[in-house]
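In what follows, residues are counted from 1 in the order of the sequence shown. Below, all heavy atoms of this structure are taken into account, side chains as well, without hydrogens, waters or symmetry copies. Both ligands and their constituent atoms are indexed starting at 1 by order of listing.
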Amino acid sequence: MTKPIQDYFAPWIKPLKMYVSSHIDLAWRDPSLHRMMSNENPNPPSPQVMQAIMKYGAMANRYPDQGIVVRAKIAAMNGLEGPENVVLGNGSSEVFDNIFRSFLQPGEEVIQQTPCFGIYKLRCDLLGGRLVSVPMIYRDRQLLYDADGVLNAITPKTKIIVIANPNNPSGNFMNAGDFVRIAETGIPFVVDEAYIEYAGLGKSQAHLTKQYKNVIITRTLSKAYGLAGLRFGYLLADREVAMQIAATLLPWNVGTIVMWAALAALEDQAGLAERVKFNNEQVAYIEEMLGSIPGLVVFPSQANYILFDAGPAGKKGKDIIEFAQKKGIILRGESPKYGSEGWFRVTIGSKEENALFVQTLREFFSK
Ligand SMILES: Cc1ncc(COP(=O)(O)O)c(C=O)c1O
C-alpha cells in the first residue's frame with residue numbers, strides 16, 4: 001500500500017495555511033472603499049516610472065539580467081561599494097525569505113520585538129523555526145523597544161534577530177546605541193527599514209553593515225516610493241554575506257519591467273521628497289486632530305501609519321474598525337495586548353480620506 005500524500009509533507013509545513021490578506025481582497029473587490037489598512041502609498045507612480053514600465057513592457061519577451069544597474073544605484077545611494085552589497089527581491093518579503101532560508105534550520109530560533117510585522121513569523125514557521133517574541137514596553141502612553149529583553153532572549157539556538165526601524169505598527173525608532181549592542185553579539189541581525197525614507201536615510205543603520213558582517217538591512221519600494229504592486233525590495237549587507245544569501249535566489253526573481261521601474265523611482269528623488277512631505281504633514285494633521293480625544297492613545301509615528309489604543313477610553317478596536325467600515329474606510333486591527341482590546345492602525349490616505357477618518361473617529365468617540 002502506498003503512503004498517503006500527507007505523510008510526505010515536512011511536518012512543520014502541515015499546520016500552515018496559505019497567507020490571505022482578507023482586507024486587501026476586500027479592497028480590490030470593492031474599489032469604493034478607502035484603503036487605509038495596508039501601509040500603501042495613496043499616490044500613484046510618477047510619469048518617469050510609468051515611462052519605464054511602458055519601455056520595458058515592450059521588451060517583456062526578454063529575460064532580465066541580475067539587476068546590475070539598479071543594484072549599483074542602490075549601493076551608491078547608501079555609501080556602499082557596489083552591486084555585490086545588494087540583493088534584490090520580489091518585495092522585501094521575498095528578501096526575508098532568502099535571509100531566513102540562508103540561516104535557519106528546523107528547531108532554531110528567531111527573536112522579534114512585538115508588536116511587529118507578520119512576515120518574520122511566516123518565514124520562521126515555513127522553515128520549522130521557533131519564534132521568540134519579546135514584547136515592547138508599554139509605559140506612559142508609549143511603546144518602547146526593549147533591547148535588554150532581546151539580548152536576554154538569546155540562546156545557543158538563536159540564528160536571527162530582527163528589528164524594524166521604524167517599527168510597524170508602533171512607528172518609532174530604536175536607539176542607535178542599542179543597534180550596536182545587538183550587532184556586537186555576532187548573531188545575524190536583520191534591520192527592517194521598510195519605512196525609513198519617511199524619516200530620511202539619516203536614521204538608517206546601513207553604515208553598520210561596513211563594521212558588522214552580521215548586520216543585514218532590508219528595504220522596499222512599496223512604501224515611500226509608492227510601488228507596492230510592482231514588488232521590489234532589496235537587502236544591503238557586507239559583500240561576502242550578500243553574495244552567500246544571493247545563492248538562495250530564485251533565478252530571474254525580479255522582472256525586467258520591475259527593476260527598471262524601480263531605477264526610475266530611485267532616480268526621482270524630487271518625487272520621493274514630495275510624497276514624504278505629503279505623508280508627514282498628514283501624519284501631523286491626524287495626530288493633532290485626534291490627540292485630544294480623552295483616553296485615546298495616539299502613538300507618534302515616523303512612517304505612513306499611526307497606531308492607536310482606545311482601551312483607556314473603554315473602547316474596543318474591533319468596534320472602531322466596524323464603525324469605520326460602515327463609513328467606507330478599511331482600517332487594520334491588532335490583537336489584544338497589554339490588557340487592552342483598543343488597538344487599531346490607520347494608513348495615511350489622500351487628504352480627503354484622512355479628513356474622513358478624523359471625522360469618523362470623532363463621531364465614534366462622541367457617541
Ligand atoms: C515592517 C515591514 N517590513 C516589510 C514589509 C514588506 O513589504 P514588501 O514585501 O511590500 O516589500 C512590510 C509591509 O507592510 C512592513 O510593514
Side-chain angles (χ1 to χ4, degrees), residues 19-25 27 35-42 45 67 70 74 86-100 110-124 126 131 133 136 143 145 160-174 189-199 203-206 216-236 249-250 253-255 258-259 261-262 265-266 275 279 283 299 301-307 330-334 344-349:
Y19 178 74
V20 177
S21 304
S22 53
H23 47 280
I24 295 181
D25 289 358
R35 306 172 66 123
M36 304 184 80
M37 72 304 177
S38 294
N39 303 349
E40 297 165 337
N41 197 307
V70 70
I74 290 167
V86 182
V87 179
L88 304 184
N90 188 15
S92 61
S93 294
E94 192 186 41
V95 173
F96 272 99
D97 188 58
N98 291 118
I99 296 170
F100 276 46
V110 175
I111 301 176
Q112 65 174 10
Q113 178 98 89
T114 52
C116 66
F117 184 52
I119 198 88
Y120 322 137
K121 174 174 168 40
L122 287 178
R123 293 303 94 185
C124 179
L126 180 71
L131 191 71
S133 293
M136 288 185 149
L143 278 168
Y145 284 91
I160 297 172
I161 299 173
V162 58
I163 295 284
N165 181 51
N167 186 50
N168 173 17
S170 51
N172 52 334
F173 284 97
M174 189 165 79
F189 178 23
V190 186
V191 182
D192 180 348
E193 295 191 341
Y195 301 92
I196 195 78
E197 292 87 359
Y198 290 111
K203 291 286 253 180
S204 170
Q205 298 301 321
I216 301 163
I217 307 289
T218 61
R219 301 255 185 85
T220 179
L221 265 61
S222 298
K223 309 300 179 181
Y225 283 98
L227 298 174
L230 267 190
R231 312 302 303 133
F232 184 93
Y234 60 91
L235 69 76
L236 305 171
L249 283 174
L250 196 67
N253 64 325
V254 174
V258 171
M259 62 173 69
L266 292 164
R275 285 172 166 72
N279 178 77
V283 168
F299 294 89
S301 174
Q302 304 210 45
N304 69 340
Y305 47 82
I306 305 173
L307 179 68
I330 317 178
L331 298 177
R332 193 68 196 269
E334 280 283 326
F344 64 101
R345 190 192 71 193
V346 68
T347 298
I348 302 306

Are any of the heavy atoms in [X] under 4.0 Å away from ligand 1?
X    : answer
I119 : no
R231 : yes
F232 : no
G233 : no

Handout entry: Nearest-contact summary for atom 16 (O) of ligand 1 - protein heavy atom, Å
Key =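 Minimum-distance protein heavy atom for atom 16 (O) of ligand 1 reads Y195 OH, 2.6 Å.
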Practice task
Would you mind checking which non-hydrogen protein atom is closest to atom 5 (C) of ligand 1, with the distance to 0.1 Å?
Solution key: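 For this ligand atom, the closest protein heavy atom is F117 CE2, 3.2 Å.
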Exercise for the section: Would you indicate which of N167, N304, D192 comes nearest to atom 1 (C) of ligand 1 when only heavy atoms are counted? Expected result: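 When every heavy atom of N167, N304, D192 is considered, D192 comes closest to atom 1 (C) of ligand 1.
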Problem - Per atom 10 (O) of ligand 1, closest listed option by heavy atom (S222, A228, G118) - result: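 Heavy atom nearest to atom 10 (O) of ligand 1 belongs to S222.
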Practice task
Hey, could you give me the CZ/CD1 distance between F96 and I119, rounded to the nearest 0.5 Å?
Solution key: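 Taking CZ in F96 and CD1 in I119, the distance rounds to 8.0 Å.
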Looking at every heavy atom in both [X] and [Y], which two are closest together, and how far apart are they?
X    : Y    : answer
G67  : L88  : CA-CD1, 4.1 Å
S92  : T220 : OG-CB, 3.7 Å
C116 : N167 : CB-OD1, 3.9 Å

Taking [X] for the side chain and [Y] for the main chain, is one N or O donor matched with an acceptor at less than 3.5 Å?
X    : Y    : value
N39  : S222 : no
Y195 : N304 : no
N41  : A224 : yes

For [X], the ligand 1 atoms whose distance to one of its heavy atoms is below 4.0 Å:
X    : answer
G91  : 9 (O), 11 (O)
A194 : 2 (C), 3 (N), 4 (C)
T220 : 8 (P), 10 (O), 11 (O)

Practice task
Check S92 against ligand 1 and report side chain, backbone, both or neither, counting heavy atoms closer than 4.0 Å.
Solution key: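 Both backbone and side chain.
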Practice task
Would you kindly specify which portion of K223 sits under 4.0 Å from ligand 1, judged on non-hydrogen atoms: side chain, backbone, both or neither?
Solution key: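 Near ligand 1, K223 shows its side chain, while the N, CA, C and O stay back.
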Exercise for the section: Could you check if a side-chain atom of R219 sits within less than 4.5 angstrom of a side-chain atom of E197, using non-hydrogen atoms only? Expected result: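 A side-chain contact under 4.5 Å exists here.
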Polar proximity ligand 1 side, [X] side, N/O cut 3.5 Å exclusive:
X   : value
N39 : no
S93 : yes
S38 : no

Exercise for the section: Could you tell me how the ring of F232 sits relative to the ring of Y234: parallel (under 30°), tilted (30 to 60°) or perpendicular (over 60°)? Expected result: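 Plane angle between 30° and 60°, so tilted.
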Exercise for the section: Could you please spell out the steps behind the side chain to side chain donor-acceptor pair (under 3.5 Å) verdict for R345 and N168? Expected result: CA-CA 10 Å; R345 190 192 71 193; N168 173 17; 2.9 Å; yes
